[in-house]
There are 2 protein chains.
Amino acid sequence: MADVIYMQVLADLKHRIYSNEFPDKKLPDERSLSESYGVSRSSIKRALNILAAQGIIFKKRGSGTFVNPLYLKNQPIFHNEGSNLGVTDSYQLGGQAPTIKLLNFQVVPANDDLQQALFLDEGDFVYQIERLRILDGVPFMIETGFIPIKVLPELSTDKVEGSIFNYVEETKKKAVTKSFMSVMAEPSNAADQELLQLTAYEPVGIMEGIFFLDDGTPFEVSTMRINYKYMKYNAFVSLDAE
Amino acid sequence: MADVIYMQVLADLKHRIYSNEFPDKKLPDERSLSESYGVSRSSIKRALNILAAQGIIFKKRGSGTFVNPLYLKNQPIFHNEGSNLGVTDSYQLGGQAPTIKLLNFQVVPANDDLQQALFLDEGDFVYQIERLRILDGVPFMIETGFIPIKVLPELSTDKVEGSIFNYVEETKKKAVTKSFMSVMAEPSNAADQELLQLTAYEPVGIMEGIFFLDDGTPFEVSTMRINYKYMKYNAFVSLDAE
DNA sequence: GAGTGGTCTAGACCACGAG
DNA sequence: TCGTGGTCTAGACCACTCC
(Lines give C-alpha, C1' and ligand atoms only; values in the text may rest on other atoms or scores of the structure.)
Protein backbone atom coordinates (compact mmCIF):
# COMPACT_ATOMS: atom_id res chain seq x y z
CA MET A 1 0.00 0.00 0.00
CA ALA A 2 1.23 3.46 0.65
CA ASP A 3 4.67 3.74 2.09
CA VAL A 4 3.72 5.59 5.23
CA ILE A 5 3.90 3.59 8.39
CA TYR A 6 0.36 3.97 9.64
CA MET A 7 -0.98 2.83 6.28
CA GLN A 8 1.15 -0.28 6.41
CA VAL A 9 -0.06 -1.03 9.90
CA LEU A 10 -3.61 -0.28 8.79
CA ALA A 11 -3.41 -2.64 5.83
CA ASP A 12 -1.85 -5.38 7.88
CA LEU A 13 -4.36 -5.12 10.69
CA LYS A 14 -7.22 -5.10 8.23
CA HIS A 15 -5.85 -8.23 6.67
CA ARG A 16 -5.45 -9.90 10.02
CA ILE A 17 -9.00 -9.00 10.96
CA TYR A 18 -10.42 -10.38 7.72
CA SER A 19 -8.34 -13.52 8.23
CA ASN A 20 -10.13 -13.95 11.52
CA GLU A 21 -6.89 -13.83 13.43
CA PHE A 22 -8.77 -12.48 16.44
CA PRO A 23 -11.52 -15.02 17.00
CA ASP A 24 -12.34 -13.56 20.41
CA LYS A 25 -12.81 -10.17 18.66
CA LYS A 26 -10.19 -8.57 20.87
CA LEU A 27 -7.09 -6.95 19.45
CA PRO A 28 -3.82 -6.69 21.35
CA ASP A 29 -3.46 -3.50 23.36
CA GLU A 30 -1.86 -0.49 21.73
CA ARG A 31 1.41 -0.73 23.60
CA SER A 32 1.89 -4.35 22.56
CA LEU A 33 1.06 -3.53 18.96
CA SER A 34 3.52 -0.68 19.09
CA GLU A 35 6.23 -3.04 20.21
CA SER A 36 5.40 -5.90 17.84
CA TYR A 37 5.25 -3.62 14.80
CA GLY A 38 8.28 -1.70 15.97
CA VAL A 39 6.56 1.66 15.58
CA SER A 40 5.42 4.32 18.00
CA ARG A 41 2.15 4.05 19.82
CA SER A 42 0.99 7.17 17.98
CA SER A 43 1.25 5.41 14.66
CA ILE A 44 -0.68 2.46 16.03
CA LYS A 45 -3.35 4.80 17.32
CA ARG A 46 -3.57 6.46 13.96
CA ALA A 47 -4.15 3.18 12.18
CA LEU A 48 -6.67 2.08 14.79
CA ASN A 49 -8.50 5.39 14.60
CA ILE A 50 -9.01 4.97 10.89
CA LEU A 51 -10.27 1.43 11.33
CA ALA A 52 -12.62 2.74 13.99
CA ALA A 53 -13.81 5.54 11.71
CA GLN A 54 -14.57 2.89 9.11
CA GLY A 55 -16.58 0.97 11.64
CA ILE A 56 -14.34 -2.06 11.45
CA ILE A 57 -13.28 -1.92 15.07
CA PHE A 58 -14.39 -0.08 18.15
CA LYS A 59 -12.49 0.90 21.23
CA LYS A 60 -13.49 0.84 24.85
CA ARG A 61 -11.37 2.87 27.18
CA GLY A 62 -10.19 0.73 30.03
CA SER A 63 -11.14 -2.48 28.27
CA GLY A 64 -9.49 -2.76 24.90
CA THR A 65 -10.09 -2.72 21.17
CA PHE A 66 -12.58 -5.03 19.49
CA VAL A 67 -13.62 -6.09 16.02
CA ASN A 68 -17.09 -4.91 15.00
CA PRO A 69 -18.92 -8.20 14.53
CA LEU A 70 -21.52 -6.70 12.22
CA TYR A 71 -18.84 -5.59 9.86
CA LEU A 72 -17.57 -9.08 9.24
CA LYS A 73 -21.05 -10.53 9.09
CA ASN A 74 -22.28 -8.01 6.57
CA GLN A 75 -19.71 -8.69 3.90
CA PRO A 76 -21.18 -6.03 1.75
CA ILE A 77 -21.50 -6.01 -1.97
CA PHE A 78 -21.40 -2.33 -1.60
CA HIS A 79 -19.68 -0.29 0.99
CA ASN A 80 -18.16 3.08 1.49
CA GLU A 81 -14.75 2.14 2.64
CA GLY A 82 -11.29 1.87 1.22
CA SER A 83 -10.59 3.98 -1.82
CA ASN A 84 -14.02 5.02 -2.90
CA LEU A 85 -16.85 7.22 -1.80
CA GLY A 86 -19.48 4.63 -1.31
CA VAL A 87 -20.09 4.32 -4.98
CA THR A 88 -19.31 2.48 -8.09
CA ASP A 89 -15.71 1.47 -7.60
CA SER A 90 -16.60 -0.71 -4.68
CA TYR A 91 -18.35 -3.21 -6.88
CA GLN A 92 -15.03 -4.53 -7.99
CA LEU A 93 -14.57 -6.48 -4.79
CA GLY A 94 -16.44 -9.65 -5.65
CA GLY A 95 -16.61 -11.02 -9.16
CA GLN A 96 -15.37 -9.18 -12.18
CA ALA A 97 -14.90 -5.47 -12.58
CA PRO A 98 -18.05 -3.77 -13.78
CA THR A 99 -18.36 -2.65 -17.37
CA ILE A 100 -20.06 0.46 -18.65
CA LYS A 101 -22.52 1.01 -21.44
CA LEU A 102 -22.92 4.61 -22.48
CA LEU A 103 -26.58 5.52 -22.94
CA ASN A 104 -26.40 9.24 -23.52
CA PHE A 105 -23.76 11.95 -23.56
CA GLN A 106 -24.51 15.57 -24.30
CA VAL A 107 -23.93 19.12 -23.18
CA VAL A 108 -26.87 20.99 -21.67
CA PRO A 109 -27.39 24.27 -19.79
CA ALA A 110 -27.28 23.89 -16.03
CA ASN A 111 -30.69 24.29 -14.42
CA ASP A 112 -31.19 26.02 -11.10
CA ASP A 113 -30.56 22.96 -8.98
CA LEU A 114 -27.35 22.18 -10.79
CA GLN A 115 -26.21 25.77 -10.59
CA GLN A 116 -26.64 25.67 -6.85
CA ALA A 117 -25.10 22.29 -6.29
CA LEU A 118 -22.14 22.78 -8.60
CA PHE A 119 -21.57 26.40 -7.78
CA LEU A 120 -22.26 27.58 -11.32
CA ASP A 121 -23.53 30.81 -12.81
CA GLU A 122 -26.49 31.47 -15.05
CA GLY A 123 -25.66 30.26 -18.56
CA ASP A 124 -23.00 27.73 -17.56
CA PHE A 125 -23.07 24.37 -19.28
CA VAL A 126 -22.72 20.86 -17.98
CA TYR A 127 -22.14 17.45 -19.49
CA GLN A 128 -25.06 15.12 -19.02
CA ILE A 129 -23.80 11.55 -18.86
CA GLU A 130 -26.11 8.56 -18.66
CA ARG A 131 -24.48 5.22 -18.22
CA LEU A 132 -25.54 1.68 -17.49
CA ARG A 133 -23.25 -0.29 -15.23
CA ILE A 134 -22.99 -4.01 -15.69
CA LEU A 135 -21.54 -6.57 -13.32
CA ASP A 136 -20.78 -10.05 -14.56
CA GLY A 137 -23.13 -9.48 -17.47
CA VAL A 138 -25.97 -8.23 -15.30
CA PRO A 139 -26.95 -4.57 -15.51
CA PHE A 140 -27.38 -3.29 -11.99
CA MET A 141 -27.24 0.49 -12.06
CA ILE A 142 -28.41 3.42 -14.16
CA GLU A 143 -26.23 6.41 -13.49
CA THR A 144 -26.97 9.97 -14.54
CA GLY A 145 -24.19 12.44 -13.90
CA PHE A 146 -23.71 16.15 -14.47
CA ILE A 147 -20.23 17.67 -14.66
CA PRO A 148 -19.47 21.33 -15.41
CA ILE A 149 -17.71 21.68 -18.72
CA LYS A 150 -15.39 24.27 -17.24
CA VAL A 151 -14.05 21.70 -14.78
CA LEU A 152 -13.31 19.13 -17.46
CA PRO A 153 -13.35 20.94 -20.83
CA GLU A 154 -11.79 18.10 -22.77
CA LEU A 155 -14.17 15.29 -21.89
CA SER A 156 -15.05 13.01 -24.79
CA THR A 157 -17.18 9.98 -25.54
CA ASP A 158 -14.44 7.43 -25.11
CA LYS A 159 -13.44 8.88 -21.75
CA VAL A 160 -16.89 8.64 -20.24
CA GLU A 161 -16.95 4.96 -21.06
CA GLY A 162 -14.41 4.42 -18.31
CA SER A 163 -14.02 5.70 -14.79
CA ILE A 164 -14.31 9.46 -14.79
CA PHE A 165 -12.90 9.69 -11.30
CA ASN A 166 -9.77 7.86 -12.35
CA TYR A 167 -9.48 10.05 -15.41
CA VAL A 168 -9.63 13.19 -13.27
CA GLU A 169 -7.10 11.87 -10.83
CA GLU A 170 -4.67 10.94 -13.56
CA THR A 171 -4.92 14.03 -15.71
CA LYS A 172 -5.69 16.74 -13.17
CA LYS A 173 -3.78 15.32 -10.26
CA LYS A 174 -6.80 16.13 -8.20
CA ALA A 175 -8.54 13.43 -6.27
CA VAL A 176 -12.25 13.14 -5.64
CA THR A 177 -12.19 12.85 -1.88
CA LYS A 178 -15.48 14.12 -0.55
CA SER A 179 -19.10 13.50 -1.28
CA PHE A 180 -22.47 14.35 0.09
CA MET A 181 -24.85 11.47 -0.49
CA SER A 182 -28.54 10.80 -0.04
CA VAL A 183 -29.82 7.24 -0.08
CA MET A 184 -33.45 6.46 -0.84
CA ALA A 185 -35.73 3.85 -2.36
CA GLU A 186 -38.52 3.98 -4.94
CA PRO A 187 -40.73 1.63 -6.95
CA SER A 188 -39.06 0.91 -10.25
CA ASN A 189 -40.34 2.80 -13.28
CA ALA A 190 -40.62 1.44 -16.80
CA ALA A 191 -37.11 2.42 -17.76
CA ASP A 192 -35.68 0.86 -14.61
CA GLN A 193 -37.56 -2.35 -15.26
CA GLU A 194 -36.29 -2.62 -18.78
CA LEU A 195 -32.69 -1.64 -18.20
CA LEU A 196 -32.24 -3.39 -14.89
CA GLN A 197 -34.42 -6.41 -15.67
CA LEU A 198 -36.78 -5.86 -12.79
CA THR A 199 -40.44 -6.70 -12.29
CA ALA A 200 -42.91 -4.05 -11.26
CA TYR A 201 -42.80 -5.41 -7.72
CA GLU A 202 -39.08 -4.91 -7.44
CA PRO A 203 -37.83 -1.51 -6.37
CA VAL A 204 -34.70 0.47 -7.05
CA GLY A 205 -32.39 1.95 -4.48
CA ILE A 206 -31.39 5.50 -5.24
CA MET A 207 -28.17 7.20 -4.36
CA GLU A 208 -27.83 10.85 -5.13
CA GLY A 209 -24.68 12.72 -4.48
CA ILE A 210 -22.49 15.70 -4.99
CA PHE A 211 -18.80 14.89 -5.37
CA PHE A 212 -16.02 17.29 -4.53
CA LEU A 213 -12.37 17.50 -5.49
CA ASP A 214 -9.88 17.64 -2.68
CA ASP A 215 -9.61 21.40 -3.06
CA GLY A 216 -13.29 21.80 -2.35
CA THR A 217 -14.47 22.30 -5.94
CA PRO A 218 -17.81 20.64 -6.61
CA PHE A 219 -17.17 18.22 -9.40
CA GLU A 220 -20.23 16.17 -10.18
CA VAL A 221 -23.87 15.70 -9.31
CA SER A 222 -24.91 12.12 -9.81
CA THR A 223 -28.09 10.08 -9.45
CA MET A 224 -27.81 6.32 -9.35
CA ARG A 225 -30.79 4.03 -9.69
CA ILE A 226 -29.76 0.62 -8.48
CA ASN A 227 -31.29 -2.84 -8.62
CA TYR A 228 -32.28 -3.24 -4.99
CA LYS A 229 -30.47 -6.54 -4.68
CA TYR A 230 -27.20 -4.80 -5.34
CA MET A 231 -27.58 -1.87 -3.03
CA LYS A 232 -26.26 -1.99 0.46
CA TYR A 233 -24.91 1.25 1.75
CA ASN A 234 -22.83 0.95 4.87
CA ALA A 235 -22.11 3.94 7.01
CA PHE A 236 -20.40 4.47 10.26
CA VAL A 237 -21.62 7.55 12.05
CA SER A 238 -19.88 9.09 14.98
CA LEU A 239 -20.96 12.16 16.86
CA ASP A 240 -17.76 12.43 18.84
CA ALA A 241 -16.31 15.62 17.56
CA GLU A 242 -19.20 17.92 16.89
CA MET B 1 -17.45 23.13 25.16
CA ALA B 2 -15.61 20.04 26.23
CA ASP B 3 -12.61 20.60 28.42
CA VAL B 4 -10.09 18.97 26.16
CA ILE B 5 -7.79 21.35 24.38
CA TYR B 6 -8.41 20.34 20.79
CA MET B 7 -12.15 20.76 21.29
CA GLN B 8 -11.65 24.27 22.62
CA VAL B 9 -9.48 25.14 19.64
CA LEU B 10 -12.01 23.50 17.33
CA ALA B 11 -14.91 25.48 18.76
CA ASP B 12 -13.00 28.72 18.64
CA LEU B 13 -11.83 28.24 15.07
CA LYS B 14 -15.32 27.32 13.97
CA HIS B 15 -16.63 30.47 15.55
CA ARG B 16 -13.95 32.58 13.91
CA ILE B 17 -14.75 31.04 10.53
CA TYR B 18 -18.45 31.75 10.92
CA SER B 19 -17.63 35.30 11.95
CA ASN B 20 -15.83 35.66 8.65
CA GLU B 21 -12.60 36.47 10.38
CA PHE B 22 -10.68 35.09 7.41
CA PRO B 23 -12.08 37.02 4.46
CA ASP B 24 -9.32 35.81 2.18
CA LYS B 25 -10.32 32.24 3.12
CA LYS B 26 -6.83 31.47 4.36
CA LEU B 27 -6.17 30.41 7.92
CA PRO B 28 -2.89 31.11 9.72
CA ASP B 29 -0.35 28.34 9.39
CA GLU B 30 -0.28 25.60 11.99
CA ARG B 31 2.86 26.77 13.73
CA SER B 32 1.44 30.26 14.20
CA LEU B 33 -1.83 28.87 15.51
CA SER B 34 0.11 26.67 17.87
CA GLU B 35 1.89 29.70 19.26
CA SER B 36 -1.14 31.99 19.43
CA TYR B 37 -3.28 29.41 21.20
CA GLY B 38 -0.39 28.34 23.38
CA VAL B 39 -0.84 24.66 22.58
CA SER B 40 1.22 22.13 20.69
CA ARG B 41 1.07 21.87 16.94
CA SER B 42 -0.37 18.38 17.34
CA SER B 43 -3.43 19.76 19.08
CA ILE B 44 -3.88 22.35 16.36
CA LYS B 45 -3.62 19.63 13.72
CA ARG B 46 -6.18 17.59 15.54
CA ALA B 47 -8.70 20.42 15.53
CA LEU B 48 -7.99 21.23 11.90
CA ASN B 49 -8.35 17.60 10.88
CA ILE B 50 -11.82 17.49 12.36
CA LEU B 51 -12.83 20.67 10.59
CA ALA B 52 -11.49 19.19 7.35
CA ALA B 53 -13.41 15.97 7.92
CA GLN B 54 -16.55 18.04 8.32
CA GLY B 55 -15.88 19.74 5.03
CA ILE B 56 -15.50 23.18 6.62
CA ILE B 57 -11.88 23.68 5.63
CA PHE B 58 -9.43 21.97 3.33
CA LYS B 59 -5.69 21.77 3.49
CA LYS B 60 -3.14 21.92 0.74
CA ARG B 61 0.33 20.81 1.53
CA GLY B 62 2.83 23.48 0.65
CA SER B 63 0.18 26.18 0.41
CA GLY B 64 -1.86 26.41 3.56
CA THR B 65 -5.29 25.85 5.04
CA PHE B 66 -8.41 27.39 3.54
CA VAL B 67 -12.05 27.82 4.37
CA ASN B 68 -14.32 25.88 2.04
CA PRO B 69 -16.23 28.68 0.33
CA LEU B 70 -19.16 26.37 -0.27
CA TYR B 71 -19.55 25.82 3.39
CA LEU B 72 -20.33 29.43 4.08
CA LYS B 73 -22.52 29.83 1.01
CA ASN B 74 -24.35 26.58 1.07
CA GLN B 75 -24.40 25.36 4.62
CA PRO B 76 -27.54 23.24 4.47
CA ILE B 77 -25.85 20.77 2.17
CA PHE B 78 -23.13 20.05 4.64
CA HIS B 79 -25.25 19.74 7.71
CA ASN B 80 -26.09 16.10 7.55
CA GLU B 81 -27.59 15.90 10.96
CA GLY B 82 -26.86 17.82 14.08
CA SER B 83 -27.58 15.72 17.10
CA ASN B 84 -28.75 12.41 15.80
CA LEU B 85 -27.36 9.38 14.11
CA GLY B 86 -29.27 9.63 10.89
CA VAL B 87 -32.23 7.85 12.35
CA THR B 88 -35.50 8.31 14.09
CA ASP B 89 -34.92 11.55 15.89
CA SER B 90 -34.41 13.37 12.64
CA TYR B 91 -38.01 12.88 11.68
CA GLN B 92 -39.01 15.54 14.12
CA LEU B 93 -37.77 18.23 11.78
CA GLY B 94 -40.92 18.90 9.84
CA GLY B 95 -44.41 18.42 11.21
CA GLN B 96 -45.21 16.98 14.58
CA ALA B 97 -43.06 14.76 16.68
CA PRO B 98 -43.61 11.10 15.87
CA THR B 99 -45.62 8.91 18.17
CA ILE B 100 -44.96 5.29 18.98
CA LYS B 101 -47.22 2.27 19.07
CA LEU B 102 -45.77 -0.68 20.90
CA LEU B 103 -46.31 -3.90 18.98
CA ASN B 104 -44.33 -6.36 21.02
CA PHE B 105 -42.10 -6.26 24.06
CA GLN B 106 -40.51 -9.33 25.53
CA VAL B 107 -37.31 -10.82 26.85
CA VAL B 108 -35.66 -13.52 24.78
CA PRO B 109 -32.32 -15.33 24.80
CA ALA B 110 -29.75 -13.74 22.55
CA ASN B 111 -29.03 -15.80 19.47
CA ASP B 112 -25.54 -16.14 18.03
CA ASP B 113 -25.71 -13.03 15.89
CA LEU B 114 -26.92 -10.94 18.77
CA GLN B 115 -24.32 -12.36 21.09
CA GLN B 116 -21.66 -11.35 18.63
CA ALA B 117 -23.08 -7.97 17.81
CA LEU B 118 -23.85 -6.94 21.36
CA PHE B 119 -20.86 -8.59 22.90
CA LEU B 120 -22.88 -11.01 25.00
CA ASP B 121 -22.21 -14.43 26.42
CA GLU B 122 -24.08 -17.67 25.98
CA GLY B 123 -27.27 -17.51 27.99
CA ASP B 124 -27.54 -13.73 28.11
CA PHE B 125 -30.96 -12.22 27.52
CA VAL B 126 -32.09 -9.30 25.45
CA TYR B 127 -35.25 -7.25 25.20
CA GLN B 128 -37.00 -7.62 21.90
CA ILE B 129 -38.85 -4.42 21.14
CA GLU B 130 -41.11 -4.02 18.14
CA ARG B 131 -42.56 -0.62 17.60
CA LEU B 132 -44.53 1.20 14.96
CA ARG B 133 -43.62 4.83 14.47
CA ILE B 134 -46.29 7.23 13.39
CA LEU B 135 -45.88 10.72 12.01
CA ASP B 136 -48.89 13.02 11.80
CA GLY B 137 -51.17 10.00 12.04
CA VAL B 138 -49.36 8.07 9.32
CA PRO B 139 -47.38 4.98 10.29
CA PHE B 140 -44.06 5.15 8.48
CA MET B 141 -41.66 2.74 10.18
CA ILE B 142 -41.58 -0.68 11.77
CA GLU B 143 -38.70 -0.90 14.16
CA THR B 144 -37.38 -4.07 15.75
CA GLY B 145 -34.71 -3.54 18.37
CA PHE B 146 -32.69 -5.77 20.65
CA ILE B 147 -31.11 -4.41 23.81
CA PRO B 148 -29.19 -6.46 26.38
CA ILE B 149 -31.04 -6.61 29.68
CA LYS B 150 -27.79 -6.15 31.53
CA VAL B 151 -27.33 -2.76 29.93
CA LEU B 152 -30.79 -1.54 30.90
CA PRO B 153 -32.08 -3.91 33.59
CA GLU B 154 -34.98 -1.68 34.57
CA LEU B 155 -36.63 -1.21 31.18
CA SER B 156 -40.41 -1.40 31.27
CA THR B 157 -43.36 -1.19 28.92
CA ASP B 158 -44.07 2.46 29.50
CA LYS B 159 -40.44 3.40 28.89
CA VAL B 160 -40.22 1.71 25.50
CA GLU B 161 -43.19 3.75 24.36
CA GLY B 162 -40.93 6.78 24.33
CA SER B 163 -37.44 7.48 23.12
CA ILE B 164 -35.10 4.87 24.48
CA PHE B 165 -32.06 6.91 23.52
CA ASN B 166 -33.29 9.85 25.54
CA TYR B 167 -34.09 7.58 28.45
CA VAL B 168 -30.56 6.20 28.43
CA GLU B 169 -29.02 9.61 28.22
CA GLU B 170 -31.06 10.92 31.09
CA THR B 171 -30.76 8.02 33.48
CA LYS B 172 -27.36 6.60 32.64
CA LYS B 173 -25.68 9.84 31.70
CA LYS B 174 -24.34 7.98 28.71
CA ALA B 175 -25.00 9.22 25.23
CA VAL B 176 -25.55 7.11 22.15
CA THR B 177 -22.90 8.59 19.91
CA LYS B 178 -21.92 5.99 17.37
CA SER B 179 -23.74 3.78 14.96
CA PHE B 180 -22.88 1.38 12.22
CA MET B 181 -25.68 1.30 9.71
CA SER B 182 -26.55 -0.56 6.54
CA VAL B 183 -29.11 0.99 4.24
CA MET B 184 -30.98 -1.18 1.74
CA ALA B 185 -34.27 -1.51 -0.10
CA GLU B 186 -36.67 -4.41 -0.56
CA PRO B 187 -40.15 -5.09 -1.91
CA SER B 188 -42.65 -4.77 0.90
CA ASN B 189 -43.92 -7.97 2.49
CA ALA B 190 -47.43 -8.59 3.75
CA ALA B 191 -46.74 -7.23 7.22
CA ASP B 192 -45.13 -4.11 5.80
CA GLN B 193 -48.08 -3.51 3.54
CA GLU B 194 -50.58 -3.79 6.35
CA LEU B 195 -48.74 -1.80 8.98
CA LEU B 196 -47.32 0.85 6.69
CA GLN B 197 -50.34 1.04 4.39
CA LEU B 198 -48.39 0.18 1.28
CA THR B 199 -49.37 -1.52 -1.95
CA ALA B 200 -47.44 -4.49 -3.26
CA TYR B 201 -45.73 -2.21 -5.74
CA GLU B 202 -44.38 0.04 -3.04
CA PRO B 203 -41.10 -0.93 -1.40
CA VAL B 204 -39.64 -0.41 2.02
CA GLY B 205 -36.31 1.12 2.82
CA ILE B 206 -34.36 -0.83 5.38
CA MET B 207 -31.90 0.50 7.88
CA GLU B 208 -30.06 -1.99 10.02
CA GLY B 209 -27.56 -1.01 12.59
CA ILE B 210 -25.72 -1.32 15.83
CA PHE B 211 -25.76 1.63 18.19
CA PHE B 212 -22.95 2.25 20.62
CA LEU B 213 -22.72 4.26 23.81
CA ASP B 214 -20.00 6.86 23.93
CA ASP B 215 -17.84 4.50 25.95
CA GLY B 216 -17.96 1.99 23.11
CA THR B 217 -20.48 -0.41 24.63
CA PRO B 218 -22.74 -1.90 21.97
CA PHE B 219 -26.16 -0.84 23.07
CA GLU B 220 -28.76 -1.90 20.54
CA VAL B 221 -29.21 -3.83 17.34
CA SER B 222 -32.05 -2.43 15.34
CA THR B 223 -33.80 -3.12 12.05
CA MET B 224 -36.06 -0.47 10.64
CA ARG B 225 -38.44 -1.10 7.77
CA ILE B 226 -39.50 2.25 6.44
CA ASN B 227 -42.17 3.43 4.03
CA TYR B 228 -40.00 4.40 1.09
CA LYS B 229 -41.51 7.85 0.90
CA TYR B 230 -40.13 8.63 4.32
CA MET B 231 -36.65 7.31 3.95
CA LYS B 232 -33.83 9.60 2.98
CA TYR B 233 -30.48 8.84 4.47
CA ASN B 234 -27.93 11.64 4.22
CA ALA B 235 -24.22 11.19 4.63
CA PHE B 236 -21.17 13.32 4.23
CA VAL B 237 -18.24 11.14 3.24
CA SER B 238 -14.65 12.21 3.36
CA LEU B 239 -11.67 10.11 2.38
CA ASP B 240 -8.98 12.33 3.80
CA ALA B 241 -7.41 9.91 6.20
CA GLU B 242 -7.58 6.66 4.35
C1' DG C 1 -3.87 -1.64 41.56
C1' DA C 2 -3.05 -3.14 36.97
C1' DG C 3 -4.37 -2.69 32.33
C1' DT C 4 -6.06 0.00 28.60
C1' DG C 5 -7.35 3.81 25.65
C1' DG C 6 -7.31 9.29 25.52
C1' DT C 7 -4.84 13.55 25.47
C1' DC C 8 -0.89 16.36 25.00
C1' DT C 9 3.77 17.82 24.32
C1' DA C 10 8.28 19.09 21.93
C1' DG C 11 10.82 18.33 18.42
C1' DA C 12 12.71 16.02 14.17
C1' DC C 13 12.47 15.19 9.46
C1' DC C 14 9.88 14.70 4.94
C1' DA C 15 7.10 16.25 0.74
C1' DC C 16 4.96 19.57 -1.77
C1' DG C 17 4.00 24.38 -3.79
C1' DA C 18 5.35 28.84 -5.06
C1' DG C 19 8.50 32.42 -5.99
C1' DT D 1 14.96 28.28 -1.09
C1' DC D 2 11.34 28.99 2.06
C1' DG D 3 6.92 28.25 3.96
C1' DT D 4 3.51 24.94 4.59
C1' DG D 5 1.21 20.74 5.89
C1' DG D 6 2.34 15.44 6.70
C1' DT D 7 4.51 11.86 9.35
C1' DC D 8 6.71 9.97 13.25
C1' DT D 9 8.75 9.50 17.72
C1' DA D 10 9.21 8.92 22.95
C1' DG D 11 7.34 9.80 26.78
C1' DA D 12 4.20 11.94 30.34
C1' DC D 13 -0.06 12.05 32.56
C1' DC D 14 -5.16 11.28 32.79
C1' DA D 15 -9.67 8.53 32.83
C1' DC D 16 -11.95 4.50 32.79
C1' DT D 17 -12.75 -0.72 33.56
C1' DC D 18 -12.19 -4.75 35.93
C1' DC D 19 -10.42 -7.64 39.44
Side-chain angles (χ1 to χ4, degrees), chain A residues 1-11 13 22 24-53 57-67 172-175 177 214-216 238 240-241, chain B residues 1-11 13 22 24-53 57-67 119 121 150-151 172-175 177-178 212-218 239-242:
Chain A
M1 201 73 62
D3 54 350
V4 289
I5 288 182
Y6 73 87
M7 288 297 280
Q8 294 172 21
V9 174
L10 174 68
L13 282 174
F22 311 106
D24 56 355
K25 304 298 177 218
K26 188 174 192 312
L27 269 62
D29 70 275
E30 296 180 347
R31 289 166 180 84
S32 306
L33 287 171
S34 165
E35 196 177 353
S36 62
Y37 279 102
V39 304
S40 72
R41 189 177 159 214
S42 308
S43 295
I44 296 294
K45 290 184 85 67
R46 193 159 182 177
L48 292 179
N49 282 338
I50 294 171
L51 287 170
I57 62 172
F58 60 94
K59 299 186 267 189
K60 283 194 60 142
R61 182 191 292 206
S63 303
T65 302
F66 306 89
V67 177
K172 294 277 192 183
K173 288 187 194 161
K174 289 186 176 180
T177 52
D214 52 11
D215 66 359
S238 173
D240 280 336
Chain B
M1 201 72 63
D3 54 349
V4 290
I5 287 182
Y6 73 87
M7 287 297 281
Q8 294 172 22
V9 174
L10 174 68
L13 281 174
F22 311 107
D24 56 355
K25 306 298 178 213
K26 187 173 194 312
L27 269 62
D29 71 277
E30 297 180 347
R31 290 164 179 85
S32 305
L33 286 170
S34 166
E35 196 177 353
S36 63
Y37 278 102
V39 304
S40 73
R41 188 177 160 215
S42 309
S43 296
I44 295 294
K45 288 184 86 66
R46 195 159 182 177
L48 292 179
N49 282 339
I50 294 171
L51 287 170
I57 62 173
F58 56 90
K59 298 185 271 190
K60 289 185 81 75
R61 183 192 292 203
S63 304
T65 302
F66 305 87
V67 177
F119 219 58
D121 299 316
K150 66 182 179 190
V151 174
K172 294 279 189 183
K173 289 186 193 160
K174 290 185 176 180
T177 53
K178 296 184 180 68
F212 299 88
L213 300 177
D214 51 10
D215 65 2
T217 309
L239 256 44
D240 282 335
E242 303 191 76

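Labels below follow one simple rule: chain letters A, B, ... track the order of the sequence lines, proteins then strands, and each chain is numbered from 1.
- When rounded to the nearest whole Å, the span between CD1 of B:I57 and P of D:dT4 equals 15 Å.
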Identify the pairs formed between an N or O of the protein and an N or O of nucleotides 1-4 of chain C at a distance under 3.5 Å, and give each distance.
unit_1, atom_1, unit_2, atom_2, d
C:dG3, N2, A:G62, O, 3.1
C:dT4, O2, A:G62, N, 3.4

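- The distance from atom CD1 of B:I50 to atom C1' of C:dT7 is 12 Å, rounded to the nearest whole Å.
- What separates CE of B:M7 from C1' of C:dG6 is a distance of 13 Å, to the nearest Å.
- With hydrogens and angles ignored, the 3.5 Å screen pairs no side-chain donor or acceptor of A:S32 with any backbone N or O of A:P28.
- One atom, CG of B:L10, and another, P of C:dC8, lie 12 Å apart when rounded to the nearest Å.
- Here the straight-line distance linking atom CZ of A:F58 with atom OG1 of A:T65 works out to 9.5 Å at 0.5 Å rounding.
- The nearest whole Å value for the distance from the NZ atom in A:K45 to the C1' atom in D:dC14 is 12 Å.
- Annotation: side chain of A:I57 is not in contact with side chain of A:F66 (no heavy-atom distance under 4.5 Å).
- For the atom pair CG (B:L13) and CG (B:L27), the distance works out to 6.0 Å, reported to the nearest 0.5 Å.
- One atom, CG of A:N49, and another, C1' of C:dT7, lie 12 Å apart when rounded to the nearest Å.
- Summarising the geometry, the separation between CG on B:L48 and P on D:dT4 is reported as 13 Å, rounded to the nearest angstrom.
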| task | Check the pair B:Y6, B:I50 against side-chain contact (heavy atoms from CB on, under 4.5 Å), reporting the backbone distance first and the verdict last. | result | CA-CA 10 Å; B:Y6 73 87; B:I50 294 171; 3.7 Å; yes
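- With rounding to the nearest 0.5 Å, the separation of CG in A:L33 from NZ in A:K45 is 11.0 Å.
- At whole-Å resolution of the value, CZ in B:F58 and P in D:dT4 are 17 Å apart.
- Between the B:Q8 side chain and the B:D3 main chain, a donor and an acceptor come within less than 3.5 Å of each other.
- Between B:Y6 and C:dC8 there is no side-chain N or O to OP1 or OP2 distance below 4.0 Å.
- Counting only heavy atoms from C-beta outward, the side chains of A:E30 and A:L48 approach each other to under 4.5 Å.
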Polar atom pairs between nucleotides 9-11 of chain C and protein, under 3.5 Å, N or O only, would you list them?
unit_1, atom_1, unit_2, atom_2, d
C:dT9, OP2, B:S40, N, 3.0
C:dT9, OP2, B:S40, OG, 2.6
C:dT9, OP2, B:S43, OG, 2.5
C:dA10, N6, B:S42, OG, 3.4

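- Between B:V67 and B:K26, every side-chain heavy-atom pair lies at or beyond the 4.5 Å cut-off.
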